[in-house]
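Here the structure is laid out as structure tokens; the discussion comes afterwards.
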Amino acid sequence: MSVIVIESRIRSLVKGVSYRILGTLTTIGVAWLIVGDISAALQIGVIELFGKIAIFYLHERVWAHIPLGMPKEST
């Protein structure tokens, strides 16, 4: 017997935010290693944070118009 687990919206939101924070901290760490300047690394991290949120939103909006894998409407 298989069990279907549905995550709550708040859990999904918290997971998304924590993943984005982890990704941004990783970017800051890599930038710091490469440029050797924590101020520049933090600036890169902030740009990356907002840039990736915008790109994700645009990506979702494009995919909203792609029928691949979507159930077909019955007539």
Taking [Y] as the starting point, is it possible to reach [X] by hopping between hydrophobic residues whose side chains are less than 4.5 Å apart?
| X | Y | answer |
| --- | --- | --- |
| L25 | V14 | yes |
| I21 | I10 | yes |
| V3 | I6 | no |

To the nearest 0.5 Å, how far apart are CG in L58 and CZ in F56? 11.0 Å

Name every donor-acceptor pair, under 3.5 Å, that has one atom in a side chain of residues 38-52 and the other anywhere in the protein, sequence neighbours excluded.
{"from": "E48", "atom 1": "OE1", "to": "T24", "atom 2": "OG1", "distance (Å)": "2.9"}
{"from": "E48", "atom 1": "OE2", "to": "R20", "atom 2": "NH2", "distance (Å)": "2.5"}
{"from": "E48", "atom 1": "OE2", "to": "T27", "atom 2": "OG1", "distance (Å)": "3.4"}
{"from": "E48", "atom 1": "OE2", "to": "K52", "atom 2": "NZ", "distance (Å)": "3.2"}

Can you pull out every side-chain hydrogen bond (donor to acceptor under 3.5 Å, both in side chains) where at least one residue sits in residues 60-71? Sequence neighbours excluded, please. H59-W63

